[in-house]
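The block underneath contains the structure these notes are about, expressed in structure tokens.
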Amino acid sequence: MWKLKRTTTCGDLRASDVGKTVVLNGWVDARRDFGSLVFVDLRDRYGKTQILFSPDRDRAVHDLAAKLRGETVIAVKGVVRKRDADTINRKIATGEIEIDALELEVINEAKTPPFEIGDRVNVSEEMRLQHRFLDLRRPAMQRNIVTRHKIVQTIREYMDASGFIDIETPYMVKFTPGGARNFVCPSRLYPGKFFALAESPQIFKQLFMVSGLDKYYQIARCFRDEDLRADRQMEFTQLDIEMSFVQREDVMEAVEGAVAAVWKRLLGIDLPMPFARMSYDESERDYGTDKPDLRFGLKICDVSELVKDAEFKVFSETVKKGGVVRGLVAPGGGVFSRKEIEGLETYCKGIGAKGMVSLKIEPGWKAGGPSAKFFPEALVRALVERTGAKEGDLMLFIADEEEKAASVLGGLRLALRDKLKLVKDDVYRFCWVLDFPMFEVSEEGKVGAKHHPFTSPMDEYLDILEKEPMKVRAKAYDLVLNGVELGGGSIRIHQRELQQRIFKLLGLTEDYARDRFGFLLDAFEFGAPPHGGIALGIDRLAMLILGLDNIRDVITFPKTQSTVDLMTGAPGTITEKMMKELHIRVVE
RNA sequence: GGGGGUGUAGCUCAAUUGGCUAGAGCGCCAGCUUGUCACGCUGGAGGUUGCGGGUUCGAACCCCGUCACCCUCGCCA
């Protein structure tokens, strides 16, 4: 039990509080010992306050303070005192005052921490995750957590004000095929049967619409047993939304409002509305991806038509075989060394390219580089005109089948963004990507849903659904920010017959579809309204607002890339007894 | 499962072509210090160079294997 309970925090006191007797609680951030005078910076979530321990005031208190170590939890009672003009610390909010200590209580001593608690030292992430409770004591991490709180708070206020209601859905659900792998939970009551952790609240929120609850939202945790990335954790948080009697513009408008409210509150920025819109085809063609980074140019150009009869066989043969030749311009890339250009080609090969052709633009429509001799002046002139290249630039071309050329150039475009430092901080370019294909073909040739199987096809494609499924476009939309997919959604199917047609196209037998989704199909027969929604990644949103490149810094206890919690050691084994009770056995 | 990067003191890093007792800053310990605020000064302790094996007169450095962390492809409807 400790005696001195705080009357204020370490971030509150100002010159106007001079003369007050206060009690502060907190952690020793630093101690500066002058033999006689001892200064202690006391820290809590709200800030830092300097405490002065003078031997003239109380010898015993001073001597105790001289022995304080970093991170010890203490309580100090003292008088707020104005600092002399030349000893004011402009770097901290409480820098005009200090506490003249009368009493000191050591509440809990601390061992020397494995790393310094502060923002100025770079500590390896491994070390931080192992001692996350100390890492979270650092001001930078506290700022991330508070920002995340403010984002969620702003969203909740906005959603409530817009008539949305926060409704919870189960996390323990029935396994659903397709999509992300589920985590599975055995139950002692059902041998051989398993719950699954929800990969998303998708079906439940659709059923809310059937129930007439309309305008649903939830800040929901989702669980997916897939490999991790810088922007992916096995459990993550979504802003999940579903609305009835809407078309896609209605959903997009609602999301834009919520996002704009967040940007206004957190960054003071008025986002231009509505956000940019782009079709999936346009995005793939111009940016080589379905999540374009619009903060810089470097659009991809198709030059197939210009080179189809060229002497340069790599180009002409590719076009004759039905492929394409596309390229982009690296501004000022004429100065790249041969090694740098080779580096770019290696990068392209790493993401699936057969090769990369580069042409420097030299004075007088001349081309430079190893392949230059194959490019007569007229062709160079045409290429330059088509791509908009200028003297001193470097044109980079990929010849391949269309999809491959697009994706390689999409990657190359981002590599050039980083290499040439083409984007500034604090620029936010939102974009909706629309008109996604309904289906995609996996490597094994299986037809799968591009978004998910509940997405509605666009009306004009209903007739060719079975005949030419790959031509069908969906009423789906993705929200993209600076090349990061923030979220996606769609107008859903609300008729049993259409839903069954889609299941069938995806290769689900009627029996299987009924077993897994029977309740949904049934629901559609009891008066299902047209509805649609979206889900946005809250972790990614927080990451982008904070200018971070890693989702783990906005999650309190994240897993490593190998899905391990370095602090708790999870996952761990369970006892034989538990396994028996759960009717499960480990098989090698 | 594939590709790439990293691993040296408590922490962050250095160590020339394979060659001196493996160093520095911070932190830690002791002492000095009445206006510091990343205090300063003096001294000190601290190393299985991730782990295992190999090559060599000699390995932090080269080779093989392995582990951990990071980035990435596949995967993430």
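All chains are named by letter (A, B, ...) in the order of the sequence lines, taking the proteins before the strands, and each is independently numbered beginning at 1.
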Base, sugar-phosphate, or nothing: which does A/Asp56 touch, judged by heavy atoms less than 4.0 Å apart?
base
Can a side chain N or O of A/Ser562 be found less than 4.0 Å away from OP1 or OP2 on B/C69?
yes
So does A/Asp549 have more than 12 non-hydrogen atoms from other groups sitting under 6.0 Å from CG?
no
A/Gln50 vs B/U36: side-chain N/O to OP1/OP2 distance below 4.0 Å:
no
Counting just side-chain N and O atoms, does A/Ser36 come under 4.0 Å of either OP1 or OP2 of B/U34?
yes
Phosphate-side-chain proximity, A/Lys111 and B/G10, N/O vs OP1/OP2 below 4.0 Å:
no
Does A/Ser54 place a side-chain N or O at less than 4.0 Å from the phosphate oxygens OP1/OP2 of B/U34?
no
Test item: side-chain donor near acceptor, A/Thr112 and A/Arg69, under 3.5 Å:
yes
So with a 6.0 Å cut-off around CD of A/Glu342, is the heavy-atom count from everything else above 12?
yes
How many whole angstroms separate atom CD of A/Glu199 from atom P of B/C75?
16 Å
Ring centroids of A/Phe115 and B/C11 base under 5.5 Å with planes under 30°:
no
Using the P atom as the point on both nucleotides, what is the distance between B/U17 and B/G3, in whole Å?
29 Å
Between B/U36 and A/Arg32, is there an OP1 or OP2 to side-chain N/O distance shorter than 4.0 Å?
no
Donor-acceptor pair (no angle test) under 3.5 Å: A/Glu126 side chain, B/G50 base:
no
Taking only N and O in the side chain of A/Thr112, is any of them less than 4.0 Å away from OP1 or OP2 of B/G10?
no
Let's test your reading of the model: under 3.5 Å, does the base of B/G35 pair with the side chain of A/Arg81 as donor and acceptor?
yes
Within 45 degrees of the ring normal and closer than 6.0 Å to the centroid, is that where the cationic atom of A/Arg413 sits relative to A/Phe296?
yes
